[in-house]
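Accompanying notes for the structure given below.
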Amino acid sequence: MRFTYDPEVGDLPGITVVHDTTKTRNRTIEYVSTEANPLPPMFQSLVPPRHEQNLQRRILMHLIGRSGGRVDAGADLDWQMLVMAGRNGIGHLDVFASDEAALAYYDRPTQSFTLDEIADGPLWHLVSDATSPTADAVSIEEVVETIRSHPTVGGMMPKLLVNLRRSDGTTVDALVKIGTPDFPHVLALENLAYEIHDRIGVHRPFKRYQRTEDGVEVLATERFDRSEGRPLPLESVFTALYAASAGKIQSRWSEEGLRPSLETVATALTTPMTGMSSFPGRDCRELFRRTVMGLLTGNGDNHLENHSILGERRKAGLSPLYDPAPMRGYHRHQMVSSVSFGGVAFRQGAVPADLGEAVLRFGEACGLQGRVVRQEMARCLEATADFADLAKDVAPGPVGAALAGRLEGVRYRVERASLANVPRPAVSGAIPDGLREEPVDEMEVEGVTVETADHRRVTPSWG
């Protein structure tokens with residue numbers, strides 16, 4: 001796939017924060033389609049994921065089939081979906097087949113819903129029917145007529161990006177998650193996790209949780225990639241790393257290995273050429289804090305698409321927290337961490353014996369002094385002291401009990417490490433995958449000297 005920047009884009013954000021649009025005018029950038037990433041991630045994120053029960057994918061396949069298109073075309077199918085519905089998704093990118101299609105879309109009035117209409121009205125039943133493994137064409141047709149090609153987001157449960165109508169008549173752009181029987185109480189647990197993160201000042205979006213008399217869970221969070229209806233640049237850390245490494249970083253997870261790692265993220269945040277952070281010290285400390293809180297609340301689903309960069313180049317930084325769901329309460333999601341850190345490879349269900357020491361090593365890789373690392377660990381331990389009991393309250397039964405039990409070993413190891421005097425360790429692999437280290441004292445790349453956090457000079461392989 002080739003993308004060419006228009007000569008007039010110098011004052012606009014690029015397709016990724018990594019691209020400096022003052023230097024990419026008329027430049028064509030090529031990405032190779034792979035099985036893991038049929039489209040470049042900044043565009044793939046606008047396409048519903050290949051989950052058979054994903055609501056939006058079913059809707060788009062239905063619409064493509066209804067218009068006579070092929071629905072078994074692999075990467076071509078993703079491209080058809082991108083052109084048909086790749087707009088108003090997460091972030092600032094909109095994709096259209098033509099200028100005329102774009103103008104027609106922007107002239108269309110915005111449809112809005114109340115949370116009650118989603119949680120306690122016919123819309124939820126339509127969504128539930130359409131996402132059922134046995135959904136028929138009639139069910140899907142009904143939901144198509146109701147919400148049409150509203151964008152959605154990847155994940156394990158239905159999510160809608162909608163204009164939410166408040167009781168006072170004002171509206172807000174929101175991401176709405178709808179609970180499913182496959183993950184009972186998960187939205188109550190996610191709501192709790194947000195509140196626990198509040199205790200140590202982690203920045204998060206405004207939210208509202210609702211559970212109906214029928215037991216339907218809905219969690220709405222205000223979109224932080226919108227400001228008075230206008231889009232703000234937002235991309236996942238994975239997208240930024242993919243672009244910075246010219247496509248060499250292909251995976252969002254460590255796949256029970258060591259790469260990519262959270263050290264990769266920390267170094268990228270402190271590498272000026274990536275443009276990922278204007279506040280690298282603050283963002284690295286926040287990344288460390290969120291990682292420890294994720295461990296202590298059972299959020300093993302901390303892959304590279306669950307961290308994002310908000311803002312345009314030279315003004316960018318880590319986005320507010322999102323998707324902090326404590327997934328370790330569910331049998332299929334027992335990974336302590338989806339991404340390696342501290343030189344530890346995480347495997348399904350296993351709590352590494354040196355987890356606490358890995359946390360210390362990661363803190364130092366984030367540029368924090370040992371004293372600060374232990375202070376942050378102590379704060380996180382204090383903030384989550386009653387989390388297991390609260391989780392059992394909001395998720396009664398096997399889910400809450402399982403989550404509480406699986407957190408015991410993690411908490412013990414983190415607490416022990418926070419009190420120990422561990423020698424300063426050496427952590428390798430600080431340079432992001434795909435960045436090429438040069439054996440010279442200094443190097444200029446398009447007039448910019450690139451220096452990593454540990455004072456080594458590198459130049460991105462821009463391809």
Side-chain angles (χ1 to χ4, degrees), residues 1 3 5-6 9 11-21 24 29 31 37-49 54 56-57 60 78-79 81-96 101-102 105-106 110 149-155 159-164 172-177 203-206 220-244 247 249 252 265 268-269 274-278 283 303-323:
M1 179 178 180
F3 179 91
Y5 278 100
D6 187 276
V9 301
D11 60 343
L12 296 174
I15 60 172
T16 168
V17 72
V18 172
H19 292 170
D20 185 345
T21 55
T24 54
I29 297 167
Y31 295 106
N37 298 285
L39 301 175
M42 64 285 290
F43 297 119
Q44 192 71 49
S45 65
L46 299 174
V47 176
N54 181 273
Q56 194 65 11
R57 193 168 187 91
L60 293 180
D78 282 2
W79 175 257
M81 291 183 176
L82 177 67
V83 173
M84 176 177 283
R87 58 206 65 116
N88 195 32
I90 297 296
H92 66 295
L93 299 180
D94 285 349
V95 178
F96 297 94
Y105 175 83
Y106 292 130
T110 301
S149 56
H150 273 285
T152 188
V153 186
K159 303 176 187 176
L160 296 173
L161 296 172
V162 299
N163 191 253
L164 205 60
V172 61
D173 291 306
L175 186 153
V176 180
K177 295 184 178 182
H203 190 199
R204 64 157 177 86
F206 293 108
T221 53
E222 185 173 2
R223 293 180 63 175
F224 44 77
D225 65 330
R226 294 292 184 269
S227 176
E228 299 180 350
R230 297 181 64 85
L232 302 175
L234 179 74
E235 65 187 274
S236 71
V237 163
F238 170 66
T239 294
L241 292 179
Y242 175 96
I249 296 180
R252 298 137 176 89
V265 179
L269 289 171
T274 68
M276 290 170 61
S277 178
S278 298
D283 284 344
H303 54 77
L304 297 182
E305 287 191 318
N306 273 349
H307 302 280
S308 283
I309 304 300
L310 177 65
E312 59 188 277
R313 191 176 176 87
R314 299 183 182 88
K315 299 178 183 177
L318 272 185
S319 76
L321 176 75
Y322 61 94
D323 280 356

Could you check whether any side-chain heavy atom of [X] comes within less than 4.5 Å of a side-chain heavy atom of [Y], counting everything from C-beta outward?
| X | Y | result |
| --- | --- | --- |
| E305 | I90 | no |
| L310 | P320 | yes |
| D173 | L161 | no |
| P38 | Q44 | yes |
| N88 | R226 | yes |
| I309 | L269 | yes |
| L60 | M84 | yes |
| R57 | V47 | yes |

Indicate yes or no for a side-chain donor-acceptor contact from [X] to the backbone of [Y] under 3.5 Å, with no hydrogens or angles considered.
| X | Y | value |
| --- | --- | --- |
| R314 | G275 | no |
| R223 | A174 | no |
| H92 | G14 | yes |
| T221 | P205 | no |

Over all heavy atoms of both residues, which pair between V176 and A220 is shortest? Give the atoms and the distance, please.
->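 Nearest pair, atom of V176 first, then A220: CG2-CB, 4.1 Å.
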
Distance-minimising heavy-atom pair for L234 and S319 |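 Shortest heavy-atom contact: CD1-CB, 3.8 Å.
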
F43 ring center near Y31 ring center (under 6.0 Å) = no

Aromatic contact, H19 with Y5 (centres under 6.0 Å) | yes

Polar side chain donor-acceptor pair, T110 to N163, under 3.5 angstrom |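 No - no donor-acceptor pair under 3.5 Å links their side chains.
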
Considering the options H303, M42, R252, which one meets the side chain to side chain contact (heavy atoms under 4.5 Å, CB included) requirement together with F238?
-> R252

Aromatic rings F96 and Y106: how do their planes relate, parallel, tilted or perpendicular, breaks at 30° and 60°?
->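 Perpendicular.
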
